[in-house]
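Submitted below is the structure of interest, expressed as structure tokens.
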Amino acid sequence: MSEEFFWWTDEQKAIYKEVRQFVEDNFEEAEEYFWNTKFPWPLVKKVAEKGYFGAGVPKEFGGLELGATGSCIVAAQLGRLYAVGHVFTVSMLAGLEQILRFGTDEQKQAWLPKIASGEELGALCITEPFAGSDASNVFTSAIKDGDDWVLNGKKRFITGAGVSDRYFIYAKTSDDKDLRKQYGHITAFMVEKGRPGFSLEKINPLIGFDNVPNGYIDFDHVRIPDFNRIGAVGNGWNVMMAGLNFERLIGAAVFSGLFEDVINLLFNFTKRRVQFNRTTNQFPGVQDGIAEIITKAKVSRLYSYHCAKLLDDGKEPMVEASIAKMINTEYAREIALKAIQILGGDGLTKFLPAERILREAKIGEIVAGTNEVQKMIIYRFSAMLPFYNKPMRLRWNENVNAPVISKKESKFKGLDLTEENVLKVISHDYKVNPGLYMTPDDVREDIGGSRSELRRIFEQLEEHGLIVIHRDRSGKPVLVKATYDGLQKAFPKEYYQWFPDWYEDSDKF
Ligand SMILES: Cc1cc2nc3c(=O)[nH]c(=O)nc-3n(C[C@H](O)[C@H](O)[C@H](O)COP(=O)(O)OP(=O)(O)OC[C@H]3O[C@@H](n4cnc5c(N)ncnc54)[C@H](O)[C@@H]3O)c2cc1C
């Protein structure tokens, strides 16, 4: 798994080698912070000194300018150092994309060099007690007072709470119902630690992320200058969305690097564990399990860098980023569970890293948008993509006496637009697609005519009980099908019958 992908630039290949070495050199130290449950400050400082926090920051602001691909490379490798990877990730996600896209020159000068140097850690603050998956439902408010904004509210589940200096937050700047409907009620702000009224409320005891603080923060009349507003007032939702693809990708990639360590551990372990007078790697089930893990590791890695390339090419890979997030975290859980099974009892102890991966993977399936939300995005955006929604018509092929996907014109094309002919088209469709309705455009494609003419005929046929119309909320016909009366009126019974050649005539009735 030490492969570099051929499309990486020389700089990306170089950083890959370099960060790998850094990780190898610092494994043991990372373990010590885990065992002592200490935030790995010295290790975070080492990462900062190396400049890795600047992976996605342009060179003019002190970064390495390695794009989404470079950020992914660094996140995946640092993820092998557990807490360090999560801190790195969230710090990068705390406004980097948003400032790059929506920040003024002065804001870029003020914050990007700090992100790049890692001298300050950042936290991303979307979630609130009453706003989880429904991220637009924020209650934290920002009210303009002179040249300042005054913030009130709470954020929760914030990774890096307390240890971070910069908090990139989304607050409600309007209660207007119409603005809310258009997501125009949210604005993005940067809040620095130390502002009067800004405090840490709670640190969550969690299933995983053992030595990364995660908690609640409280804004009690916190005053910040208008300079700290990122993007226009009311444009917070767009600011949030603009960074999401990058965030999901990096948040997912952080898991993919450590799959390599699991595989390495499994080969080492199973070549040394003997049961029934054989090393356990000789059992087909164990080999099968390791093969599955290797497959998942390779697939998730390839998919992450595919998504990163799309981002670097200036695309908005909404579906791909959600898939990357979903598969990396699901695979992480499945890989960890499988690894534990292969390791047996040892896998359940904290002396081996499999149980820790399982706990972190479960977090991964919930953070940065739950995997159910990712599936919702994958479905909704794909449903709009022309690529997946090309017209596909089955037509009756007389040569084979069966329905086949066809680009040929309908046999009804050009007939007069009468009730009788429209009923024939709709009834014929029962022979081709017995359980499906037709869209009005399907009918129009088959027989021609204008939409309004067809709609009039549909309504007449419905009145006569010959078709059923399925309407949308506004009452517009969106689907039609023939009733049994309609089918009988359109064609004789034999028209709809179909039997395979081997079926005996004597058994027909
Ligand atoms: C360890 C950890 C770190 C985190 N770090 C941060 C951070 O740094 N910054 C930050 O802002 N937030 C952070 N979060 C919050 C995280 O993003 C949210 O927990 C997550 O978005 C889910 O919100 P929720 O927990 O309120 O669950 P809910 O939204 O209440 O969801 C509960 C269940 O309902 C399902 N559900 C909700 N809506 C739908 C829907 N429309 N369709 C189908 N299913 C749905 C969910 O999938 C889930 O199964 C973190 C959370 C954890 C646990």
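In each ligand, atom 1 is the first atom listed, and ligand 1 is the first ligand listed.
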Under 3.5 Å: N/O of R156 near N/O of ligand 1: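 No.
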
Nearest candidate to atom 47 (O) of ligand 1, where distance is taken over non-hydrogen atoms, out of T370, D134, I366: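 Among T370, D134, I366, the closest heavy atom to atom 47 (O) of ligand 1 belongs to T370.
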
Evaluation steps, salt bridge (charged side-chain N to carboxylate O under 4.0 Å, His left out), between K17 and E4: CA-CA 9 Å; K17 282 205 185 78; E4 295 143 9; 3.3 Å; yes

Gap separating the CZ atom of R301 from the CZ atom of F259, nearest 0.5 angstrom: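 Nearest 0.5 Å value for the CZ-CZ distance: 11.5 Å.
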
Exercise: do Q107 and Q98 side chains pair donor with acceptor under 3.5 Å: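 No donor-acceptor contact under 3.5 Å links the two side chains.
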
Atom 34 (O) of ligand 1 protein-contacted, heavy-atom criterion under 4.0 angstrom: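 No.
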
Protein contact of atom 9 (N) of ligand 1 - nearest heavy atom, named by residue and atom, plus distance: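 The closest heavy atom on the protein side is L124 O, 2.7 Å.
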
Sub-4.0 Å protein heavy atom next to atom 22 (C) of ligand 1: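 Looking at atom 22 (C) of ligand 1, one finds that a protein heavy atom does lie closer than 4.0 Å.
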
Identity and distance of the protein heavy atom lying nearest atom 26 (O) of ligand 1: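 Heavy-atom neighbour on the protein nearest atom 26 (O) of ligand 1: G132 CA, 3.2 Å.
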
Closest approach of any protein heavy atom to atom 8 (O) of ligand 1, naming residue and atom: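 For atom 8 (O) of ligand 1, the nearest protein heavy atom is T159 N, 3.0 Å.
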
Distance from atom 16 (C) of ligand 1 to nearest protein heavy atom, with residue and atom: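 Nearest neighbour among protein heavy atoms for atom 16 (C) of ligand 1, to 0.1 Å: T127 OG1, 3.8 Å.
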
From V212, V90, V367 - option closest to atom 53 (C) of ligand 1 by heavy atom: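 Shortest heavy-atom distance from atom 53 (C) of ligand 1: V367.
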
Qualifying residue, where the test is side-chain contact (heavy atoms from CB on, under 4.5 Å) with L249 and the options are L311, N328, L244: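 Per the side-chain contact (heavy atoms from CB on, under 4.5 Å) rule, the option paired with L249 is L311, out of L311, N328, L244.
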
K390 to F387 six-membered ring, cation-pi geometry met (6.0 Å, 45°):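 Checked: cation-pi criterion met.
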
For atom 1 (C) of ligand 1, the protein heavy atom that lies nearest, with its residue and separation: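 For atom 1 (C) of ligand 1, the nearest protein heavy atom comes out as I363 CG2, 3.4 Å.
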
Atom 3 (C) of ligand 1 [closest protein heavy-atom partner, distance rounded to 0.1 Å]: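 Here the closest protein heavy atom is N214 ND2, 3.0 Å.
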
Ligand-residue contact atoms, ligand 1 with A368, heavy atoms, under 4.0 Å: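 Close to A368: 17 (O).
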
Atoms of ligand 1, numbered as shown, that sit under 4.0 Å from any heavy atom of L206: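 The list of qualifying atoms is 1 (C).
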
Residue from Y52, F27, Y16, F88 passing ring-ring contact (aromatic ring centres under 6.0 Å, His included) with F22: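 Exactly one option meets the ring-ring contact (aromatic ring centres under 6.0 Å, His included) with F22, and it is Y52.
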
Test item: protein heavy atom less than 4.0 Å from atom 39 (C) of ligand 1: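 No; the ligand atom in question lacks any protein heavy-atom contact below 4.0 Å.
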
Gap between atom CG of N36 and atom CG of D210 - 0.5 Å precision: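 Nearest 0.5 Å value for the CG-CG distance: 12.0 Å.
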
Protein residue, atom and distance nearest to atom 29 (O) of ligand 1, heavy-atom basis: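 It is S133 OG, 2.6 Å.
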
Geometric class of the F5/W7 ring pair [parallel <30°, tilted 30-60°, perpendicular >60°]: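 Parallel.
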
Atoms of ligand 1 close to M376 [distance to a heavy atom under 4.0 angstrom, numbered from 1]: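 The list of qualifying atoms is 40 (C), 41 (N), 42 (N).
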
Derivation of the salt bridge (charged side-chain N to carboxylate O under 4.0 Å, His left out) call for K59 and E11: CA-CA 13 Å; K59 285 183 179 154; E11 274 182 313; 2.9 Å; yes

Side chains of T439 and D442, donor plus acceptor under 3.5 Å: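 Yes, side-chain donor-acceptor contact under 3.5 Å.
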
V373, any N or O under 3.5 Å of ligand 1 N or O: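 Checking ligand 1 against V373, no N or O pair falls under 3.5 Å apart.
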
CA sep, side-chain torsions, deciding dist, call: F381, Y379, ring pair (Phe, Tyr, Trp, His ring centres under 6.0 Å): CA-CA 6 Å; F381 279 82; Y379 175 81; over 10 Å; no

Closest protein heavy atom (residue, atom, distance) for atom 6 (C) of ligand 1: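 For atom 6 (C) of ligand 1, the nearest protein heavy atom comes out as F157 O, 2.7 Å.
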
